[in-house]
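What you see is a predicted model; the values in this text were computed from it and never measured.
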Amino acid sequence: MASRHLLRGIAVAALCTGLLGTAPAGAAAGVPDPPTVTAQSVMPYLEEFQAIADRNGGNRAHGTPGYRESVAYVKRVLERAGYHTVLQPFTHDGATGYNLIADLPGGDIRDTLMLGAHLDSVQAGPGINDNGSGSAAVLATAVAVARAHPRTDRHLRFAWWGAEEGGLFGSAHYVNSLFAAQRSAITSYLNFDQAGSRHTTTWLVTHDPAGAAGAVEPTKAFEAYFAARSVPTFDIGNTGSDDQSFAAAGIPMAGFTTGISDCIHSACDDIHNVDPDVLTLSTNAVLDVTWNLALAQDRR
């Protein structure tokens, strides 16, 4: 659902795959280098989302078996990786939807770094770029961090939202369910919507106009990560995606998107609508920034 107001074609040239091997940028002092992922680590998640859609009428939309199977699949992957998961039900348009929340044990719960992506598609297609790609990038990051067993200073929480395509209902339900202290404990929320668009060279980085430290810090970190690889970025402000629910509640937000694809909300938004190199670079950016923000010392 990302960046509906953006013009198509901001990112128009092919990605140079050699950019993936550049050294990490912006690492905090004393923090070990983050793990990295390859396309072989990320694309299987998209292949499974495609297979789920194929088994369930061609989509993974809110209220459908395709969405329920998608969220159950992500839940299994996370639990195998050691996460504590919660399936949060809600009702929208006469159907039950689900948010999936996953917490990595450890870290200061009063200083929570949260990442999210919407998992649902539209009825018209499988939604593999929008937003299987963002969901896969967040999932691959969660798994890689858990496998590395870092001792994080911040608490890490990951989320996959339901019923976002119809109007950001899942993320709004989650934010509205939090007490004031729980909201203030989320010191940064990072959102990723369409992370694998084809023909991308310019990454569209979210800017939170409120200017809170919890938003500025990750925004600068994403810009530094891409700059170190000579990858252009473009400041788009609020993406118009799940981050809006958090921004409306005063929770600092950041993130990025690779822009609207030609097959937005169509049956052709399938596995072939994702560039594996673009998605791999996006995922490594998410992983690098998450790792460094979670392990950074003396932030507060």
Side-chain angles (χ1 to χ4, degrees), residues 1-20 22-26 42 115-118 129-138 141 164 168 188-248 251-265 269 273-290 292-293:
M1 180 163 180
S3 312
R4 298 290 187 264
H5 59 289
L6 295 176
L7 294 175
R8 297 187 182 202
I10 290 179
V12 293
L15 174 68
C16 174
T17 57
L19 295 171
L20 298 175
T22 310
V42 184
L115 287 75
H118 80 81
N129 190 39
D130 183 19
N131 185 35
S133 62
S135 293
V138 174
T141 295
E164 293 294 273
L168 312 182
S188 301
Y189 172 73
L190 311 182
N191 192 76
F192 307 97
D193 195 344
Q194 298 192 60
S197 302
R198 295 178 298 171
H199 314 306
T200 296
T201 56
T202 301
W203 267 248
L204 312 179
V205 179
T206 302
H207 170 68
D208 186 342
V216 172
E217 185 180 18
T219 296
K220 288 184 175 179
F222 283 124
E223 289 173 343
Y225 182 91
F226 292 121
R229 290 150 181 80
S230 300
V231 175
T233 57
F234 184 82
D235 186 333
I236 60 170
N238 190 311
T239 68
S241 184
D242 326 310
D243 49 15
Q244 283 192 331
S245 299
F246 288 79
I251 298 171
M253 60 81 176
F256 64 79
T257 177
T258 56
I260 296 176
S261 73
D262 293 336
C263 283
I264 187 76
H265 293 175
D269 188 11
N273 193 41
V274 171
D275 184 325
D277 291 331
V278 171
L279 180 57
T280 303
L281 180 54
S282 289
T283 304
N284 279 307
V286 177
L287 181 50
D288 183 279
V289 170
T290 300
N292 285 298
L293 291 180

Least distance between heavy atoms, S241 atom then L168 atom: O-CD1, 3.4 Å
Gap separating the CD1 atom of I264 from the CG atom of N273, nearest 0.5 angstrom: 8.5 Å
Beyond-backbone contact of F246 with L190, side-chain heavy atoms, under 4.5 angstrom: no
Minimum heavy-atom distance D288-N292, with the two atoms named: O-ND2, 2.9 Å
Verdict with reasoning, D193 to H118, per side-chain contact (heavy atoms from CB on, under 4.5 Å): CA-CA 7 Å; D193 195 344; H118 80 81; 3.4 Å; yes
Residues in side chain to side chain donor-acceptor pair (under 3.5 Å) contact with S245, at least two apart in sequence or another chain: S171
From N191 atom CG to E164 atom CD, the distance as rounded to the nearest 0.5 Å: 8.0 Å
Non-hydrogen atoms of P232 and T201 that approach each other most closely: CD-O, 3.3 Å
Nearest-0.5 Å distance, OG1 of residue T290 to CG of residue L115: 4.0 Å
Value rounded to 0.5 Å, distance of CG in L287 from OG in S282: 12.5 Å
Donor-acceptor pair, side chain of D208 and main chain of P252, under 3.5 angstrom: no
Non-hydrogen side-chain atoms of D130 and H265 separated by less than 4.5 Å: yes
Whether T257 side chain and G259 backbone form a donor-acceptor pair below 3.5 Å: yes
Residues in side chain to side chain contact (heavy atoms under 4.5 Å, CB included) contact with A247, at least two apart in sequence or another chain: N238, M253
D275 (side chain) donor-acceptor with S197 (main chain) under 3.5 angstrom: no
Nearest heavy-atom neighbours spanning T206 and A254: CB-C, 3.9 Å
Separation of T219 OG1 from F256 CZ (nearest 0.5 Å): 11.5 Å
Distance (rounded to the nearest 0.5 Å) between Y189 OH and I251 CD1: 9.5 Å
For the student: nearest non-hydrogen atoms of L204 and T258, plus distance: CD1-C, 4.4 Å
Minimal non-hydrogen separation, D269 against C263, with atom names: CB-O, 3.3 Å
Side chain to side chain donor-acceptor pair (under 3.5 Å) against S133, all qualifying residues, sequence neighbours excluded: N129
Parallel, tilted or perpendicular: rings of F222 and F192 (30°, 60°): perpendicular
